[in-house]
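First comes the structure, then the notes that go with it.
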Amino acid sequence: MTENFQFTLDKTDAGARLGKISMPRGEIRTPAFMPVGTVGTVKAMYLDQVRETGADIILGNTYHLMLRPTAERVARLGGLHKLIRWEHPILTDSGGFQVMSLSGLRKLDEQGVTFKSHVDGSLHHMSPERSIEIQGLLGSDIQMQLDECVALPAEPREIERAMEMSLRWAERCRVAFGEQPGKAMFGIVQGGDIPALRIRSAEALSQLDLKGYAIGGLAVGEPQDVMLQMLETTLPVLPTEKPRYLMGVGTPDDILKSVARGIDMFDCVMPTRSGRHGLAFTRRGKVNIRNARHAEDMRQLDEQSSCPASRDYSRAYLHHLVRSNEALGGMLLSWNNLAYYQELMQGIRKAIAEDRFADFMAETQEEWARGDLDPV
């Protein structure tokens, strides 16, 4: 642990990077996958379990938490870490992505975004300064700038307008954040699927000398090859000595290919959302436990896994739980999925340390391609 935010790049293997972020609340091993705890809970999971899967950091959502229980209440209760019993680092997003999804309920201008709550219809205003204030009240360790995220595909003029607005908001967020020892504010590169705009955004943000940089506005409808092209365009422009965070990504394959290009941090709701809908991620690929083929299969999801949900429960039981809409089914599959994601990250870090990331990536993809166990 350290009193200041510090990123150390320990090793590279071609484009892949092995490192760590040191903060007062703990160390984040990178490449890192951050489970999403939108409203102060990683859905269907105890936070002790989340930690035991190997997570060093989780996310909180500024938009949702400002609406309920409200940032001011969280602050009165001692901050988000105390409220949810998570003593380790927390990253909060700025709320920009959620506000984007409220297109019919919002009005955006230079000062920020005015929007109606999806909870009760009440009116709220989110400026860059207010976003940073809320994240400070929550007690967030890594705070994100307020940005405007445009869903793809979009018109180039609209993508450029949003990118330029996000740059101006980044400067205002930096001023509002000030100096907070032990904490960090990250900027967010925008620019849609236009390489020249991505480069302009990354260059301008780099001039702000922030603690870290995120790549936003991807995984919002574009094909994977477009996402990877934008990474290849953007990452060489960003400082090598700062962490790079790909927001909202993604599938295990997305993660492998993005690590290969130099990404250090990821988050996604996919492991828990998929688990609640009966889909398991395993070293053999995706398994839809709802399928009838599992109804009398007493084998485990993965007999080699260290996670009890993967190793100790039969597919037949998981199938029964999910088909019966029992909450336990979603809980066990979410546990399995988060454990698999963290096992993947552990394997990635070990492979980079041993200069064999390319081999690890190929072996992992080959195992996915072989598919699940044959039916009984």
Side-chain angles (χ1 to χ4, degrees), residues 7 9 12-17 19 30-31 93-94 96-97 99-101 103 108 110 128 144-174 185-268 357-358 361:
F7 175 65
L9 184 57
T12 59
D13 181 3
R17 293 151 50 100
T30 62
D93 63 15
S94 66
F97 181 82
V99 170
M100 176 200 77
S101 68
S103 57
L108 185 144
E110 189 68 34
M144 304 303 300
Q145 73 153 102
L146 183 66
D147 64 327
E148 184 183 355
C149 181
V150 176
L152 299 178
E155 291 296 324
R157 184 179 300 177
E158 178 68 4
I159 294 173
E160 183 174 19
R161 183 202 58 76
M163 183 274 287
E164 295 287 0
M165 176 89 80
S166 295
L167 287 177
R168 294 191 294 274
W169 285 359
E171 172 63 23
R172 288 168 59 185
C173 285
R174 185 185 67 81
M185 191 203 96
F186 284 16
I188 303 177
V189 176
Q190 290 290 352
D193 54 359
I194 303 175
L197 295 183
R198 287 280 172 183
I199 291 171
R200 274 171 52 190
S201 178
E203 288 176 340
L205 284 172
S206 297
Q207 294 300 311
L208 297 181
D209 192 27
L210 303 171
K211 298 290 187 182
Y213 297 92
I215 292 87
L218 296 175
V220 290
E222 81 287 353
Q224 187 195 61
D225 62 336
V226 173
M227 179 188 78
L228 297 175
Q229 180 191 353
M230 292 306 101
L231 294 184
E232 292 166 3
T233 298
T234 304
L235 293 179
V237 183
L238 293 173
T240 59
E241 72 278 11
K242 304 288 181 73
R244 292 103 163 253
Y245 163 29
L246 181 55
M247 304 183 76
V249 174
T251 67
D253 188 59
D254 288 337
I255 289 173
L256 277 180
K257 291 175 179 174
S258 300
V259 166
R261 288 158 173 81
I263 292 293
D264 305 304
M265 302 167 71
F266 301 87
D267 81 282
C268 193
F357 175 73
M361 181 171 170

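Residue numbers run from 1 in the order of the sequence given. In what follows, every heavy atom counts, from backbone to side chain, and hydrogens, waters and symmetry copies are set aside.
Interatomic distance, CE of Met265 versus CG of Leu246, reported as 11.0 Å (0.5 Å rounding). In this structure, Ile188 CD1 and Leu167 CG are separated by 11.0 Å, a value rounded to the nearest 0.5 Å. Going from atom CZ of Phe266 over to atom OG1 of Thr30 covers 10.5 Å, rounded to the nearest 0.5 Å. Once rounded to the nearest 0.5 Å, the distance linking CD of Glu203 with OG1 of Thr234 reads 10.5 Å.
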Acceptor/donor pairs from residues 189-197 side chains to any protein atom, 3.5 angstrom cut, sequence neighbours excluded:
residue	atom	partner	partner atom	Å
Gln190	NE2	Asp147	OD2	2.7

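Within the structure, salt bridge (Lys or Arg N to Asp or Glu O under 4.0 Å) contacts touching residues 215-232 (residues at least two apart or in different chains) are Glu232-Arg261. Residue pairs satisfying the side chain to side chain donor-acceptor pair (under 3.5 Å) criterion with at least one member in residues 235-245, sequence neighbours excluded, are listed as follows: Asp209-Lys242, Tyr245-Asp267.
Annotation: side chain of Ile263 is in contact with side chain of Leu235 (closest heavy-atom distance under 4.5 Å). At least one side-chain heavy atom of Leu218 sits less than 4.5 Å from a side-chain heavy atom of Met230.
Listed by chain and number, the residues in a side-chain contact (heavy atoms from CB on, under 4.5 Å) with Leu208 are Ala170, Glu171, Arg174, Leu205, Leu210 (sequence neighbours excluded). Under the side-chain contact (heavy atoms from CB on, under 4.5 Å) criterion, Arg168 pairs with Glu110, Glu164, Met165, not counting sequence neighbours. Scored by the salt bridge (Lys or Arg N to Asp or Glu O under 4.0 Å) test, Glu158 finds Arg161 as partners (sequence neighbours excluded). Take Lys257 and apply the salt bridge (Lys or Arg N to Asp or Glu O under 4.0 Å) test, not counting sequence neighbours, and it matches Asp253. Remark: Asp254 pairs with Gln224, Thr251 by the side chain to side chain donor-acceptor pair (under 3.5 Å) rule, at least two apart or across chains. With sequence neighbours left out, the salt bridge (Lys or Arg N to Asp or Glu O under 4.0 Å) criterion links Arg17 to Asp264.
Closest approach of Ile215 and Leu238 over heavy atoms only: CD1-CD1, 4.1 Å. Considering all non-hydrogen atoms of both residues, Cys268 and Gly248 come closest at SG-O, 3.7 Å. Residues Ser94 and Met144 share a closest heavy-atom pair of CB-O, 3.4 Å. Summarising the geometry of Leu9 relative to Thr12, their closest heavy-atom pair is CD2-CG2, 4.1 Å, with the distance given to 0.1 Å. Residue Met227 comes nearest to Ser258 through the heavy atom pair CE-OG, 3.8 Å, listed as atom of the first residue, atom of the second, then distance. Closest heavy-atom contact between Phe186 and Pro243: CZ-CG, 3.8 Å.
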The test is side chain to side chain contact (heavy atoms under 4.5 Å, CB included); show your working for Leu108 and Glu148 and say whether it passes.
CA-CA 9 Å; Leu108 185 144; Glu148 184 183 355; 3.7 Å; yes
